[in-house]
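Right, one structure below, let's go through it.
Treat the numbers as computed from the prediction; the structure is a model and nothing was measured. Chain identifiers are assigned alphabetically (A, B, ...) following the order of the sequence lines, protein sequences preceding nucleic acid strands; residue numbering begins at 1 within each chain.
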Protein chains: 2
Amino acid sequence: MSRTESRGTGFIPVSPPTLADVAERAGVSRQTVSNAVNNPDLLRPGTLERVREAIEEMGYSPNRAARNLRTRSSQLIGLRVLPAQEGTANAMMDRFVHTLVDTSAEAGYHVLLFAGDNDDPVGGYDHLLRATAVDAFVVTDTYLGNPQAAWLTEQRAPFVAFGRPWDQPQATHPWVDVDGAAGTRLATEHLIEKGHTRIAWIGWRKDSPIGEDRRAGWLGAMHDAGHPTTGLASRVEDTVQSGAEAAAVLLDESAPTAFVCASDTLAMGVLHTLWIRQLAPGRDIAVVGFDDSQVAQVFPVGLTSVRQPLEDVAVAIVRALESLLGHVHEPNPGVLLTPTLAVRESS
Amino acid sequence: MSRTESRGTGFIPVSPPTLADVAERAGVSRQTVSNAVNNPDLLRPGTLERVREAIEEMGYSPNRAARNLRTRSSQLIGLRVLPAQEGTANAMMDRFVHTLVDTSAEAGYHVLLFAGDNDDPVGGYDHLLRATAVDAFVVTDTYLGNPQAAWLTEQRAPFVAFGRPWDQPQATHPWVDVDGAAGTRLATEHLIEKGHTRIAWIGWRKDSPIGEDRRAGWLGAMHDAGHPTTGLASRVEDTVQSGAEAAAVLLDESAPTAFVCASDTLAMGVLHTLWIRQLAPGRDIAVVGFDDSQVAQVFPVGLTSVRQPLEDVAVAIVRALESLLGHVHEPNPGVLLTPTLAVRESS
DNA sequence: TTGAAAGCGCTAACAT
DNA sequence: ATGTTAGCGCTTTCAA
């Protein structure tokens, strides 16, 4: 049966060439073509070249579904995306996804996005898993109480987490995270070097382990330098408004000369208060944010910000994924990376 | 042969249940189970329930690879992502991807991300296409001279473009776009309503059809209102710096009381100049941006901005995709949606 | 080094 | 309304 069909002026390919088509063209068996693709070492150089020529000429590419069915793998990595939400710093996630896609591609994987909401945190995972639609998952929202890591572990599903298992010290799954404390320490030490001694902290409420971690970096650097911290710390919601209010209170009560914030959002709030009070960021009061978001970069007065090494995170995650899927024993399940400081006019 | 294997204390499922497993359990043939999943109407209610129970109990989900192989479809939509680039307004793309994932999910599709760079614009497409790894593509960067739409058309590959075929008036592929001119007209009329008559335009260089389109909206609204435009338009690069400089020149030479910008980036530049000159956005000078980016929302003085209806775009794209893949004749290949205006303090 | 046979899990077509 | 047969395109045995 012909694989092409006559219509109008020319021949229109009805379906892509298969292994059998290439085999016929090259005058070998199907298996030899398969070997040419997957185990070229097994072929005699002459045969290999002949097959490769046929592959080239016909534009052959192995059918994914057939290969997936046979090898029981999809070369797909699942990544859940939450419903689009406004105003939050998901620009960071954007950067991460980009680098993850690039890095995965180098390892022969594609990234499959699937929808999810917090009402049914594992639904999407469960479905893809049972359908063997993906080989593994990358889990990004590992905040306190998130059941995904535990659930996936229980299902024996391969996955790598971006984020430490804060509330599960006994967890053994591989993870990659950024050392937030090191980041805020970097920021604080940068300000100390600039001569600041009264450096305030604006962070999140106590129930966020990530927030506590970042706070610890500021606290540690201040203690090490022998600077007081009493009355210089504030814990608020992660909104511009809260940041602005916290900054106003701190300025009135504790007269800091610099602010380190747990997020760029809070830092924007600080900048807002400075603007209202006619204080110049960088000259009168220094401000450092966290995440090096779009906003930090594009803001007229560039905002100094702690920058997560997302490219390195993606590389580490893909590496962990590879050893996980290749059943290679990975000695250290956790990788902690150090952020850098993007210094701009605000400090 | 057993599908479970004894190890240690319990039984560990080695592979998910198949159609045959469910059929055996329910005491029917495999085909009946398949029908229960895909054509439930064909079954007698009693049988259907029995099969459904078995499916539920065993946690059965059809194997994707097998189904894909048989049906010659993957239920996957390919979306190319460019390498992570800094500073640009990809926050918009982020919002789009989120809504696209959500909308696709409702239609039974997942989104497959693949890497691509501008050196080889069609490489990634070609590979996925020949491997029949995706059913269709969503093409987003339809700027002038982009060869993807033409190439995909030539390959007879199903795809929907987000963006009009500006430079290919004869193109017949389905596309969805946002009416930029209507957006800037909305912005301009909003300012006119507020009493402004000298409204300046800061846009992109002439080689961008999108930029020219947005400019036309401003121009049309000004003409319709009978306001002069001479000396009030500027064409620059899409950077904060360029926006700031253009605003300074316009303020000096033409004394506008309001600015409409082709992007939030340019609007940020305007705000910077206003800040330097101690002019209050919204009170002294009104500013409107385009894209309703993160920056516009989080900026201390909220930036009024034209907001693209990305949710509607995603819905329209998925709809077009469905009719494309369902071989349903779609009468109108192009869908043009109207943006809205997110009004904030800056106007 | 190459080829033949088998089968992954599913669904379309046909038969009952 | 349900069962039987065949085969999607590939890779993993195994044989030559």
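Qualifying side-chain hydrogen bond (donor to acceptor under 3.5 Å, both in side chains) partners for A/R64, counting only residues two or more places apart in sequence or in other chains: none. Under the salt bridge (charged side-chain N to carboxylate O under 4.0 Å, His left out) criterion, B/R164 pairs with B/D177, B/D213, sequence neighbours left out. With sequence neighbours excluded, no residue satisfies side-chain hydrogen bond (donor to acceptor under 3.5 Å, both in side chains) with B/D117. Legend: residues meeting salt bridge (charged side-chain N to carboxylate O under 4.0 Å, His left out) with A/R25, ordered by chain and number and at least two apart, are A/E57. Every residue meeting the side-chain hydrogen bond (donor to acceptor under 3.5 Å, both in side chains) condition with A/N35, not counting sequence neighbours, appears here in chain and number order: A/Q31. B/R67 pairs by the side-chain hydrogen bond (donor to acceptor under 3.5 Å, both in side chains) definition with B/N38, not counting sequence neighbours.
Within the structure, side chain to side chain donor-acceptor pair (under 3.5 Å) pairs that include any residue of residues 130-140 of chain A comprise A/S74-A/D135, A/D126-A/R130, A/T132-B/N63 (at least two apart or interchain). Within the structure, side chain to side chain donor-acceptor pair (under 3.5 Å) pairs that include any residue of residues 42-55 of chain A do not occur (at least two apart or interchain).
Looking at residues 38-63 of chain A, you'll see A/N38, A/Y60, A/P62, A/N63 sit with a heavy atom under 4.0 Å from some atom of DNA chain D.
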Restricting to nitrogen or oxygen on both sides, can you table the protein-nucleotides 4-7 of chain C pairs closer than 3.5 Å?
residue, atom, partner, partner atom, Å
C/dA6, N6, A/R30, NH2, 3.4
C/dG7, N2, A/R70, NH1, 3.1

Distance-only criterion, 3.5 Å: show the donor-acceptor pairs between side-chain atoms of residues 103-111 of chain B and protein atoms not counting sequence neighbours.
residue, atom, partner, partner atom, Å
B/T103, OG1, B/T99, O, 2.6
B/S104, OG, B/L100, O, 2.6

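In the helix from C/dT1-D/dA16 to C/dT16-D/dA1, the end axes, each obtained as the rotation axis mapping the C1' atoms of four pairs onto the next four within a five-pair block, lie 40° apart to the nearest 10 degrees.
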